[in-house]
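Down below is the structure, laid out as structure tokens.
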Number of protein chains: 2
Amino acid sequence: MNISTRQLRAFIALSENRNFTRAASVCHLSQSAFSSLIRQLEESLKVRLFDRNTRNVELTAEGREFDLSARRVLAEFDAAVSNMHARAVLERGRVSIALLPSLAADWLPAVLAGFHAAHPGIDLAVADVLSEPCIERVRSGQADFALAAIRADTPELRAEPFCSDGFHLVCRKDHPLAAHPKPRPRDVAAWPFIHLSRTSSVRQYIDAATLPQAMPAVLEVDQLATVAGMVEAGLGISVVPSLALYQFRSAKLSIRPVKWAGLTRRIYLVRKRDQGFSAAAECFYDWAMARRPQPIKSA
Amino acid sequence: MNISTRQLRAFIALSENRNFTRAASVCHLSQSAFSSLIRQLEESLKVRLFDRNTRNVELTAEGREFDLSARRVLAEFDAAVSNMHARAVLERGRVSIALLPSLAADWLPAVLAGFHAAHPGIDLAVADVLSEPCIERVRSGQADFALAAIRADTPELRAEPFCSDGFHLVCRKDHPLAAHPKPRPRDVAAWPFIHLSRTSSVRQYIDAATLPQAMPAVLEVDQLATVAGMVEAGLGISVVPSLALYQFRSAKLSIRPVKWAGLTRRIYLVRKRDQGFSAAAECFYDWAMARRPQPIKSA
DNA sequence: CGATCTTACGGGATTCGTAAACATA
DNA sequence: TATGTTTACGAATCCCGTAAGATCG
């Protein structure tokens with residue numbers, strides 16, 4: 001007792017045509033093959049579906065009942081299949097990524113806009129959170145992959161270098177440091193500093209690079225946009241990732257790269273180790289890799 | 001691209017077991033046959049449904065999406081199939097019959113009660129109407145078959161003898177006719193007569209059998225039960241079909257058979273000529289034939 | 001090295017199409 | 001007799017199971 005979808009299609013074709021020969025040609029089958037398809041369906045169901053003589057073919061009561069079910073089943077079935085096909089050809093799908101707020105605010109928008117224009121049917125979900133929650137979202141399956149500052153290589157996760165990010169010193173143009181030819185950590189340490197939260201990767205890089213100096217913290221905030229506002233208001237200076245400079249564009253600010261030892265933030269793409277991407281995720285992965293800020297040699 | 005229900009079942013088995021070997025045994029297949037079933041499904045859908053390595057099998061994002069659809073489709077499919085099976089084994093179904101009011105009131109109830117007890121899952125629909133509408137219900141497909149007093153043999157319909165029905169004279173016990181040894185039409189014609197409507201088969205038989213006598217009509221009503229009430233009230237007498245005598249049981253009434261020439265009503269079972277019965281209708285047909293009032297020789 | 005999925009391949013079942021047989025208006 | 005369904009049968013295809021191969025932990 002194995003009923004196939006072709007038998008259902010044959011049944012519906014016959015139900016609509018009420019004629020074996022025509023229905024057979026609709027199904028691209030010889031009339032005899034078609035006939036045995038119907039016969040086998042009736043044997044499987046143990047029910048006569050059509051009253052037929054050489055001149056007339058009509059549904060039985062059971063046939064009419066089955067007609068409703070068969071159409072419903074086939075409609076759902078076809079919907080499911082074409083849904084899959086749509087995903088295969090990227091007409092539909094969903095990509096969920098988690099990435100650092102700095103990337104989300106500066107690099108991502110243009111990349112995402114282009115991707116969405118190229119694949120309007122693909123839904124996109126973005127989580128702009130710090131590295132730890134980024135990784136957690138990948139681990140829990142909420143995100144297809146993450147761009148984070150943690151090289152999360154575990155039995156479960158796999159990381160690959162995505163890009164590296166320098167840092168810039170930002171201060172007001174009327175600040176004494178703006179005129180300094182080449183500020184060193186100790187020069188910067190002389191002034192009030194606007195810090196990010198200790199849990200941010202940026203903060204950790206800066207703390208590490210300026211040791212044994214410690215920047216005098218006037219303020220500790222969570223968002224780079226807030227840092228920008230504070231610096232512009234003259235509350236202090238800061239050192240921020242180059243990828244986030246877009247948020248510091250302002251005529252009042254002086255922005256210069258700093259090349260202190262070790263002060264290069266590496267950003268990794270983190271994904272499940274043994275779980276392939278969906279077609280949509282694969283597509284966005286390729287798109288993002290092709291547009292990453294600046295390639296670095298693979299580790 | 002031909003996806004079978006077995007592939008859907010295989011998919012769900014693998015989705016639940018996350019292990020080819022176990023899922024294969026659940027499906028009573030060798031592991032290799034099972035593997036190719038899954039591979040072909042993935043090829044048909046052009047989508048990878050499982051992330052698998054030698055140690056682990058997991059659904060992909062597309063796989064999880066398809067899982068929902070596959071379960072829904074299979075559930076509907078199985079429901080449709082078992083619905084048909086239930087009808088085949090008479091656990092379910094529907095029979096619709098049309099029959100004369102006299103049969104519906106007297107003969108049918110016990111027959112129907114027994115049938116319903118034997119096949120509680122089969123729904124029953126009864127139309128107790130005169131012969132013409134009976135036939136019309138069969139023609140229009142509202143009734144599976146009819147028991148009527150018309151031998152409706154047309155290109156569309158087929159009639160077979162079902163039973164024959166005598167007539168009884170009914171009057172009050174204190175009526176002069178009650179003492180008459182053998183009432184003839186002319187004896188009866190001397191008294192007020194309660195008639196049925198001219199469109200009823202009973203009336204037509206009586207009019208034909210009493211020619212050239214005409215019964216003096218005091219009343220013309222539609223229902224035999226009304227005739228019973230009128231006769232019992234002493235408004236007149238009547239001649240009614242023997243099959244409907246149940247409605248005339250009363251200590252006040254005298255009931256005697258009359259054997260006038262031609263006064264035998266033949267009742268036919270009428271069905272579509274080229275349309276088989278549903279399983280349920282076939283079953284009730286057999287049941288009814290086995291319990292018909294009195295068999296007559298087949299024409 | 002062991003457990004597990006994939007690939008290769010021969011045999012058997014299924015299904016197809018042609019053509020003849022059959023049924024009905 | 002003409003039209004249309006069923007049956008018969010050889011051929012192509014599909015599908016299964018055994019067994020060897022590949023892969024990952």
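Order of the sequence lines sets the chain letters (A, B, ...), proteins ahead of strands, with each chain counted from 1.
In this structure, CG of Leu14(B) is placed 13 Å from P of dT4(C), rounded to the nearest angstrom. Atom CG in Asp51(A) sits about 14 Å away from atom P in dT5(D), given to the nearest Å. In this structure, Arg18(B) places its CZ atom 13 Å from P of dC5(C), rounding to the nearest Å. In this entry the distance linking CD1 of Ile3(A) with C1' of dT14(C) reads 16 Å, nearest Å. Distance CG (Asn56(B)) to C1' (dT4(C)): 11 Å, rounded to an integer number of Å. The distance from atom CZ of Arg39(A) to atom P of dT7(D) is 6 Å, rounded to the nearest whole Å. Atom CZ of Phe20(B) is separated from atom P of dA3(C) by 19 Å (rounded to the nearest Å). Protein atom CZ of Arg52(A) is 16 Å distant from nucleotide atom P of dA25(C), rounded to whole Å.
A cation-pi arrangement, defined by a distance under 6.0 Å to the six-membered ring centre and an angle within 45 degrees of its axis, is present between Arg271(A) and Tyr285(A).
For Gln31(A) against Ala24(A), the heavy-atom pair with the smallest separation is CA-CB, 3.7 Å.
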Where protein sits on nucleotides 12-25 of chain D, one letter per nucleotide: B base, S sugar-phosphate only, - none, heavy atoms under 4.0 Å: ---SSBBB---BBS

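With no hydrogens or angles considered, no side-chain donor-acceptor pair links Glu156(A) and Thr154(A) at under 3.5 Å.
Across the helix from dC1(C)-dG25(D) to dA25(C)-dT1(D), the helix axis at one end is tilted relative to the axis at the other end by 30° (nearest 10 degrees, each axis from five pairs).
No side-chain heavy atom of Cys283(B) sits under 4.5 Å from any side-chain heavy atom of Phe277(B). Inter-residue side-chain proximity for Val57(A) and Asn19(A) is flagged as unmet; no heavy-atom pair is nearer than 4.5 Å.
Taking a cutoff of 4.0 Å between a charged side-chain nitrogen and a carboxylate oxygen, Arg292(A) and Glu160(A) do not qualify as a salt bridge.
Here Asn19(A) lies in heavy-atom contact (under 4.0 Å) with sugar-phosphate atoms only.
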As a quick check of understanding, evaluate salt bridge (Lys or Arg N to Asp or Glu O under 4.0 Å) for Lys46(A) and Glu62(A), giving each step before the final call. CA-CA 11 Å; Lys46(A) 303 191 216 302; Glu62(A) 283 93 351; over 6 Å; no

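Although no hydrogens or angles enter the test, the distance criterion places a donor-acceptor pair under 3.5 Å between the side chain of Thr5(B) and the main chain of Ile3(A).
The one candidate from Arg266(B), Arg265(B), Glu132(B) that meets the side-chain hydrogen bond (donor to acceptor under 3.5 Å, both in side chains) condition with Ser201(B) is Arg265(B).
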